[in-house]
S.K.: 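Provided herewith is a single structure, encoded as structure tokens, for subsequent inquiry.
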There are 2 protein chains.
Amino acid sequence: MKYGHFDRSRREYVIRNPATPLPWINYLGTQEFFGMISNSGGGYCFMIDARKRRITRYRYNNVPMDSGGRYLYVRDERTRKFWAPGWMPVKADLDFYECRHGLGYTVITGEKDGIRVATRYFVPFNESCEIWETDVTNTGRGTRTFTLFSFVEFCLWEALNDATNLQRTLNLGEVEIDGSTIYHVTEYRERRSHFAYFAASEKIDGYDTDSEAFLGRYNGFHEPRAVAEGRSGNSVACGWNPCGSHSIRMTLKPGETKKLNFLLGYAENPEDEKFSAPGVLNKKRVRATIGKYLKRRNSEQAFRALAREWDDLTGRFQAETPYENLNMMVNTWNQYQCVTTYNMARSTSYYETGIGRGIGYRDACQDLYGAVHIMPPERSRQRILDLAAIQWRNGATYHQYQPLDKKGNATIGVGFNDDPLWLILGTATYIKETGDWSILDEQAQFDNNPDETATLYEHLIISVRHIMRNRGPHGLPLIGRADWNDCLNLIMTGIKPGDTFQGDATHASLNDEIGSVPESLMIAGQFVWAASEFMRMAEHRKDAKNARMAARAAQAMRDAIVRHAWDGEWFVRAFDRFGKKIGSRHNAEGQIFAESHGWIGMAEVGKENGMLARALDAVKERLFSRHGIVLQQPAYTAYNFYWGEMTSYPPGVKENAGIFCQPTGWLTISECNVGRGDRAMEYYRSICPAEREEISDVHRCEPYVYAQMIAGPDSARFGEAKNSWLTGTAASSFLAVSQYILGIKPGYDGLLIDPCIPKEWDGFKVRRRFRNAVYRIEVTNPSHVSKGVRSVAVDGRKIEGRTLPDFRDGKTHKVEVVMG
Amino acid sequence: MKYGHFDRSRREYVIRNPATPLPWINYLGTQEFFGMISNSGGGYCFMIDARKRRITRYRYNNVPMDSGGRYLYVRDERTRKFWAPGWMPVKADLDFYECRHGLGYTVITGEKDGIRVATRYFVPFNESCEIWETDVTNTGRGTRTFTLFSFVEFCLWEALNDATNLQRTLNLGEVEIDGSTIYHVTEYRERRSHFAYFAASEKIDGYDTDSEAFLGRYNGFHEPRAVAEGRSGNSVACGWNPCGSHSIRMTLKPGETKKLNFLLGYAENPEDEKFSAPGVLNKKRVRATIGKYLKRRNSEQAFRALAREWDDLTGRFQAETPYENLNMMVNTWNQYQCVTTYNMARSTSYYETGIGRGIGYRDACQDLYGAVHIMPPERSRQRILDLAAIQWRNGATYHQYQPLDKKGNATIGVGFNDDPLWLILGTATYIKETGDWSILDEQAQFDNNPDETATLYEHLIISVRHIMRNRGPHGLPLIGRADWNDCLNLIMTGIKPGDTFQGDATHASLNDEIGSVPESLMIAGQFVWAASEFMRMAEHRKDAKNARMAARAAQAMRDAIVRHAWDGEWFVRAFDRFGKKIGSRHNAEGQIFAESHGWIGMAEVGKENGMLARALDAVKERLFSRHGIVLQQPAYTAYNFYWGEMTSYPPGVKENAGIFCQPTGWLTISECNVGRGDRAMEYYRSICPAEREEISDVHRCEPYVYAQMIAGPDSARFGEAKNSWLTGTAASSFLAVSQYILGIKPGYDGLLIDPCIPKEWDGFKVRRRFRNAVYRIEVTNPSHVSKGVRSVAVDGRKIEGRTLPDFRDGKTHKVEVVMG
């Protein structure tokens with residue numbers, strides 16, 4: 001069953017049934033002020049940090065589901081009945097409902113009994129506020145009088161405190177009301193110079209700033225007292241739960257439309273301009289912003305600028321292939337999701353409360369694959385240098401850091417042994433996209449210590465050496481606390497009931513007897529790739545010594561993989577602390593894994609001797625299900641202390657034989673590496689959100705973005721997705737489809753053309769902006785091959801090889817590619 | 001307006017209007033399994049630790065208020081309408097509603113359209129389960145068929161994780177259904193050997209274990225799908241939110257009553273008996289408990305045993321005075337609250353989420369004043385030794401510790417300079433009650449280090465010396481990070497917007513230039529008292545050297561107070577980092593404070609020269625309001641960085657001129673110390689919960705227990721209480737009324753009789769169990785004095801002095817006291 005449809009021309013997902021299986025989310029904001037909004041108006045907004053600067057309140061995992069948000073209520077003054085245009089929270093039957101999620105905006109329209117309310121929510125570029133453009137129309141035949149109520153709940157303080165430290169927070173709430181603007185000034189009198197506001201463009205008939213006064217005692221959001229009675233309480237919050245609510249009574253003739261703007265924002269005052277009178281918020285500066293965006297003319301202009309910006313951003317990669325869903329995903333939604341994962345890290349979604357964690361090391365690096373061509377280069381550059389600065393002298397890196405202070409998270413600590421390699425891969429991605437080699441000469445700290453720095457290039461050398469120095473009995477990389485599979489915890493030592501597997505006090509170190517044995521084939525594959533990238537960088541710097549060091553290291557790792565990890569039909573996943581294989585036909589459960597094959601495949605190890613193709617066949621046969629590639633099979637039915645959290649999940653869920661979507665991207669790439677375009681496409685489609693739209697009642701998550709996980713065949717909920725939006729899948733899918741299937745691959749020297757497509761395709765087109773030039777690439781496939789480029793012509797002239805010239809001339813160049 | 005009344009004979013508070021201004025709470029459980037239950041069935045239960053072993057889910061500060069709990073629903077099979085006997089969550093109009101909160105149990109009765117459902121909730125002594133005894137009666141004239149649905153939501157894992165780490169927790173849920181019992185076995189397959197269950201005594205017609213299946217998508221607790229449709233989903237949870245719900249269809253003839261039991265429990269299996277088959281919970285052991293308590297005969301027996309226990313506990317102090325509310329509070333509710341504060345520390349109430357904090361140092365010590373006569377001596381003894389073990393060698397103590405591991409909380413750290421003195425006061429309280437001097441010879445660690453221990457007596461010496469060594473320019477105790485007033489932060493150094501004032505990185509140390517100046521008069525008074533107590537202990541041990549040391553120290557402190565802290569009409573509160581007075585007539589705001597006078601008064605400093613009585617008059621005149629004694633006046637209107645969090649609160653709230661109820665107890669004692677029984681009683685009555693019952697719409701909190709705070713006159717919510725139940729007020733009020741007003745005072749050598757009562761009283765009676773003897777004390781006041789004992793007779797014979805013999809003979813002794 002479908003709950004909506006794609007509006008391809010407007011690049012929107014249109015929801016017509018508000019009772020989606022889960023709230024279907026969109027994001028507002030592009031720089032510092034962000035919001036999350038569901039298809040019925042649920043969600044919240046924050047400034048920079050969802051934990052430390054949350055502006056409005058959202059209660060996660062609540063009953064009813066998706067409670068709290070940007071609510072409007074309409075009360076008919078004749079019948080005294082009320083409803084909400086977003087359906088929630090009142091859930092009155094609507095005559096018409098529609099939610100349009102677009103790039104950086106959402107439009108929610110509801111109509112009932114001849115009144116239509118349509119609101120467009122967005123955050124203007126370079127501003128820290130969200131605009132609600134609300135159009136109210138009398139679609140009936142008689143003149144109508146009704147009252148519109150707005151409602152948000154403020155919580156501008158630390159979000160964990162908001163949820164847990166009630167004896168303090170319930171005492172603090174303070175507000176000021178000034179005309180149609182409600183100022184939330186809790187804690188402003190004292191340490192802070194920031195505040196929030198909620199303004200309306202109309203003269204208001206009443207307001208509420210105290211939630212209980214608005215809602216009424218023991219009432220839910222679906223039955224606010226003020227709305228039921230048609231009368232705001234004009235309450236002034238004093239502690240408890242401050243809110244912002246306006247009431248605006250209006251009378252509309254048939255066909256008449258009233259256009260209102262609401263403005264929900266965050267602002268800061270300079271320390272010396274905090275007050276206009278003792279204890280009174282100085283509103284001078286913010287009034288300019290409020291005044292500006294309450295005018296519809298200005299807000300519409302801001303919206304057009306935002307739309308242009310998104311067109312420009314996503315316009316850097318536009319594909320036209322025979323496969324419509326691929327075009328739509330890669331041109332719009334996949335890139336949009338990549339920018340979102342870049343902006344949010346893993347902090348803020350319907351599943352991530354914004355409290356749990358900072359920015360992940362590998363997450364931030366892998367996000368670059370999907371976003372580096374879109375984000376301003378200086379932002380990617382700074383992020384890479386921030387990541388380098390939380391590396392230790394010995395090469396280990398912190399696993400996470402906090403966005404506000406950029407310090408490594410000491411509670412989680414170091415020891416995830418794939419992390420240092422991601423720094424190499426992230427740097428390579430950046431250089432290939434931008435051609436900016438100078439980043440390698442930038443100084444970056446070790447362990448955030450300003451007294452100890454080295455160039456980024458030295459950081460990368462240290463990363464390579466760290467892995468080589470920390471190898472196990474088979475010459476393969478020690479896994480440390482875990483690799484990409486955070487739940488493959490092979491060096492746990494003291495985990496007890498209730499302990500978190502991610503805790504830092506329960507694992508052996510690499511130098512311990514336990515820690516110096518378990519090896520990861522995922523890291524082994526990743527190392528081959530990363531060392532090869534590093535080698536290219538060393539060559540570019542004419543650093544022959546380190547180029548040679550890396551080349552040898554890569555070869556040694558290839559040899560070790562082929563020698564020790566081949567299990568007969570596929571590669572093993574890891575060796576445990578006893579040196580026993582994990583992911584082997586000799587295991588009773590967990591015989592074969594996806595991740596090791598993804599990375600060995602991406603690194604093209606075993607390609608020449610045929611091992612890789614055979615192993616990938618085994619993956620297809622044993623791990624591919626109708627809902628995607630399962631992480632491993634058979635699922636673990638019992639907990640194994642020595643193998644950690646992976647075995648703790650119920651079968652079919654998460655790391656215990658769930659379908660993690662990200663490895664599907666890796667295996668798509670691997671299939672391209674062995675030239676199998678049809679299977680690559682089959683993989684791509686298996687998790688492509690738009691392909692799953694028809695089974696929304698099974699998939700449950702949004703059909704326009706990837707989810708982290710889909711329940712595997714061992715679960716009673718096989719096919720159900722979870723944790724949508726914030727997943728490395730966005731980047732790995734974009735990498736797979738753009739660079740491997742379509743084969744438009746940024747290289748150190750220019751764009752490399754190397755597609756691997758379904759044989760039946762006649763060809764495809766891609767428009768790619770790359771290093772200040774635009775390439776209009778047309779690929780034809782007269783021989784119906786999957787792989788192989790017969791000729792490349794640029795601006796009408798054949799070129800040698802498959803690498804397009806690095807023009808950087810601000811011009812558009814025509815590229816004709818013939819496969820065969 | 002009242003929402004209920006006291007049933008004095010049954011010792012219950014009876015609520016007849018369910019829409020209380022705030023949920024009115026009761027506690028279930030006495031040892032390890034605890035529950036919190038509101039008057040409409042809201043709340044949750046946990047095992048030992050509300051953070052680490054929460055069993056059912058409760059979403060704090062939710063909309064609607066008090067959402068989630070122990071719900072029952074009744075669905076009429078003819079009309080298809082449904083309602084809830086506890087009013088919430090359905091809020092259907094009931095024909096009859098009643099909630100009776102008793103000691104360790106709550107009975108909620110609802111009746112509608114001829115069906116009455118009454119449920120008694122309690123936790124049997126020595127068991128880890130709560131019993132719901134549900135009686136369903138057809139009170140109408142025809143035979144009726146209806147379905148009863150039960151509902152709880154499980155969340156047996158770490159509560160902070162439950163609220164923040166959804167990407168994990170939403171994947172884990174697992175259950176087993178066996179007959180009428182639902183087993184919640186999430187994470188049991190792996191690290192845990194514990195689980196939860198929800199059982200019904202009847203054969204059930206259906207069940208649900210998945211919340212969404214029970215509630216329906218986007219539905220609130222007020223509209224569960226299963227109930228609306230009259231049909232359980234028989235859902236088997238697989239991730240998401242596991243719940244427990246039974247449906248039981250029944251047909252009752254007029255007047256017929258059906259008695260059901262539900263059982264909600266926690267259980268552990270031995271590691272080697274976890275499974276009865278691979279992955280299947282071994283239910284053998286727990287079935288015995290379930291079988292037992294599902295039988296009404298057994299549950300009623302358990303209830304009678306529980307009631308006997310509470311009679312016995314509170315029977316240790318029973319007073320009969322001319323003042324009915326005093327009798328009721330002190331005999332029942334105040335003692336009950338004291339036990340609860342002892343059990344919960346400050347972790348679990350409607351305002352304390354169970355996540356925020358461990359056991360506070362001073363909290364735990366002051367709770368002893370109210371609970372030491374009730375709790376088994378070995379529990380008090382252990383707690384004192386646990387507290388000693390988190391003292392440092394230098395005398396400082398951690399400010400909090402976690403109940404599970406008993407380790408000092410390093411995040412908060414040390415430096416609250418009243419803390420070490422509480423250890424002396426707590427120990428003194430224990431010895432006086434029990435006569436058990438041997439505790440002083442027990443070894444206790446320093447800083448939880450097993451290699452470094454000393455006797456408790458040595459810990460106390462160190463405490464005295466720590467304060468004497470850390471005095472400021474006036475010879476008064478340095479305040480350190482704060483004293484009892486956690487928000488009087490005089491040594492803050494780097495607090496920034498968003499920082500917590502309690503953070504450990506933002507204050508100077510005692511050795512810094514800043515830290516070595518600010519002094520606290522609260523600690524000064526407390527020191528005089530504590531040093532005097534220590535002197536008595538040293539004397540008992542014939543340790544003349546330390547007795548002399550303490551005597552001199554106490555005298556030095558008395559002198560310093562009188563010399564430096566007298567401000568002309570009262571004592572100052574503190575000196576800040578610049579040596580400037582806080583709480584002086586020279587200040588513009590915060591001229592006079594309650595806490596310093598409470599402790600100087602309790603220590604009787606300045607009594608001889610009349611300063612104390614004058615200062616207490618000033619307190620009365622300037623701080624006493626119709627809702628109690630304000631913390632200071634005038635309130636601070638602006639934030640002062642150098643004085644900290646106190647000035648950050650809105651005026652009239654919390655530490656900024658709120659009415660903290662605990663100082664009222666101290667000042668009641670102080671008034672007794674200067675012999676003013678009428679004023680002592682006036683203070684006692686001002687915050688006595690039962691006295692405030694009539695103004696429940698102002699007070700809002702429960703009329704049967706103290707709240708931490710009442711908003712002061714500077715607040716728009718003057719008179720509104722907050723943070724009820726878990727407050728040192730319980731102990732300080734019990735101390736004031738039992739030992740100072742009624743004057744039955746445990747001393748080192750026996751019970752001292754020294755009342756200070758209103759002059760109009762003719763006398764009063766107290767039954768006191770003390771060191772294995774019972775004293776039936778009858779006090780007469782023929783001359784209508786407030787203070788002064790003319791004669792004491794024990795068992796018919798006059799004794800010298802006012803101290804009763806320490807019989808310890810298991811017998812009852814008659815004591816006749818004549819005042820005058």
Side-chain angles (χ1 to χ4, degrees), chain A residues 19 21 52 59-68 88 91 158 163-167 170-172 174 187 189-194 211 215 217-222 236 238-239 241 278-279 351-353 355-356 495-499 637-639 647-650 653-654 715-717 722-723, chain B residues 19 21 52 59-68 88 91 158 163-167 170-172 174 187 189-194 211 215 217-222 236 238-239 241 278-279 351-353 355-356 495-499 637-639 647-650 653-654 715-717 722-723:
Chain A
K52 303 205 164 186
R59 296 169 174 87
Y60 275 87
N61 196 29
N62 209 348
V63 175
M65 181 161 83
D66 193 25
S67 278
M88 281 283 276
K91 295 196 300 180
E158 213 261 357
T164 60
N165 193 11
L166 303 177
Q167 66 87 24
L170 294 182
N171 285 291
L172 299 177
E174 290 186 283
E187 292 187 317
R189 284 190 325 105
E190 31 131 349
R191 291 162 297 163
R192 305 186 169 191
S193 53
H194 61 252
S211 288
L215 294 167
R217 206 182 275 175
Y218 294 102
N219 283 352
F221 290 123
H222 62 290
V236 181
C238 171
N241 294 303
Y351 311 85
E352 292 286 0
T353 58
I355 293 174
I495 190 128
K496 288 186 292 294
D499 287 351
T637 55
Y639 173 57
T647 62
S648 80
Y649 284 104
V653 172
K654 293 277 285 180
S715 167
R717 289 180 175 265
K722 265 194 193 126
N723 211 354
Chain B
K52 301 204 164 185
R59 296 169 174 89
Y60 274 88
N61 194 30
N62 208 347
V63 175
M65 181 161 84
D66 193 26
S67 278
M88 281 282 277
K91 295 196 299 179
E158 213 261 357
T164 59
N165 193 9
L166 303 177
Q167 66 88 22
L170 294 181
N171 284 291
L172 298 176
E174 289 187 284
E187 292 187 318
R189 287 189 324 104
E190 29 131 347
R191 291 161 296 162
R192 306 186 171 192
S193 53
H194 62 250
S211 288
L215 294 168
R217 205 181 278 175
Y218 294 101
N219 283 350
F221 290 124
H222 63 289
V236 180
C238 172
N241 294 302
Y351 311 86
E352 291 287 358
T353 58
I355 293 174
I495 188 124
K496 288 187 291 294
D499 286 352
T637 54
Y639 173 56
T647 62
S648 80
Y649 284 104
V653 173
K654 293 277 283 180
S715 167
R717 290 180 174 264
K722 264 191 193 130
N723 212 353

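Residue numbering restarts at 1 for every chain, and letters A, B, ... go by the order of the sequence lines.
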S.K.: Is the closest side-chain heavy-atom distance between A:Met88 and A:Pro64 below 4.5 Å?
M.R.: yes
S.K.: Would you mind checking which part of B:Arg59 comes under 4.5 Å of any heavy atom in chain A, side chain (CB onward), backbone (N, CA, C, O), both or neither?
M.R.: side chain
S.K.: Does any heavy atom of chain A fall under 4.5 Å from the side chain of B:Lys722, the backbone, both, or neither of them?
M.R.: side chain
S.K.: Give the member of A:Thr637, A:Asn723, A:Thr353 that has the highest number of heavy-atom pairs under 4.5 Å with chain B.
M.R.: A:Thr353
S.K.: Go through the atoms of B:Val63 and report whether side chain, backbone, both or neither lie under 4.5 Å from a heavy atom of chain A.
M.R.: both
S.K.: Who pairs with B:Tyr218 by ring pair (Phe, Tyr, Trp, His ring centres under 6.0 Å), at least two apart in sequence or on another chain?
M.R.: A:Trp87
S.K.: Run the side-chain hydrogen bond (donor to acceptor under 3.5 Å, both in side chains) test against B:Asp66 and tell me which residues pass, sequence neighbours left out.
M.R.: B:Ser38, B:Ser40, B:Tyr58
S.K.: Is there side-chain contact between A:Ser715 and B:Cys238, with heavy atoms separated by less than 4.5 Å?
M.R.: yes
S.K.: Could you look at B:Leu170 and say if it's the side chain, the backbone, both or neither that has a heavy atom under 4.5 Å from chain A?
M.R.: both
S.K.: With a 4.5 angstrom heavy-atom cut-off, which part of B:Gln167 approaches chain A: side chain, backbone, both or neither?
M.R.: both
S.K.: So that I can tick it off, tell me whether A:Glu187 and A:Arg192 are bridged by a salt bridge, with the cut-off set at under 4.0 angstrom between side-chain N and carboxylate O.
M.R.: yes
S.K.: Quick check on the interface: out of B:Gly239, B:Ala716, B:Ala19, who has the most heavy-atom pairs with chain A under 4.5 Å?
M.R.: B:Ala19
S.K.: Counting heavy-atom pairs closer than 4.5 Å to chain B, which one of A:Asn171, A:Val653, A:Ile355, A:Leu172 comes out on top?
M.R.: A:Asn171
S.K.: Are the side chains of B:Asn219 and A:Met65 in contact, using a 4.5 Å heavy-atom criterion?
M.R.: no
S.K.: Please name the pair of heavy atoms, one in A:Tyr351 and one in A:Tyr60, separated by the smallest distance, quoted to 0.1 Å.
M.R.: N-CE2, 4.4 Å
S.K.: Please classify the contact between B:Pro278 and chain A as side chain, backbone, both or neither, with a heavy-atom cut-off of under 4.5 Å.
M.R.: neither
S.K.: What residue, out of A:Leu215, A:Asn165, A:Thr647, A:Thr164, has the most heavy-atom pairs lying under 4.5 Å from chain B?
M.R.: A:Thr164
S.K.: Contact part of B:Asn241 toward chain A, heavy-atom cut-off under 4.5 Å: side chain, backbone, both or neither?
M.R.: side chain
S.K.: When you compare the side chain of A:Arg189 with that of A:Glu174, does any pair of heavy atoms fall below 4.5 Å?
M.R.: yes
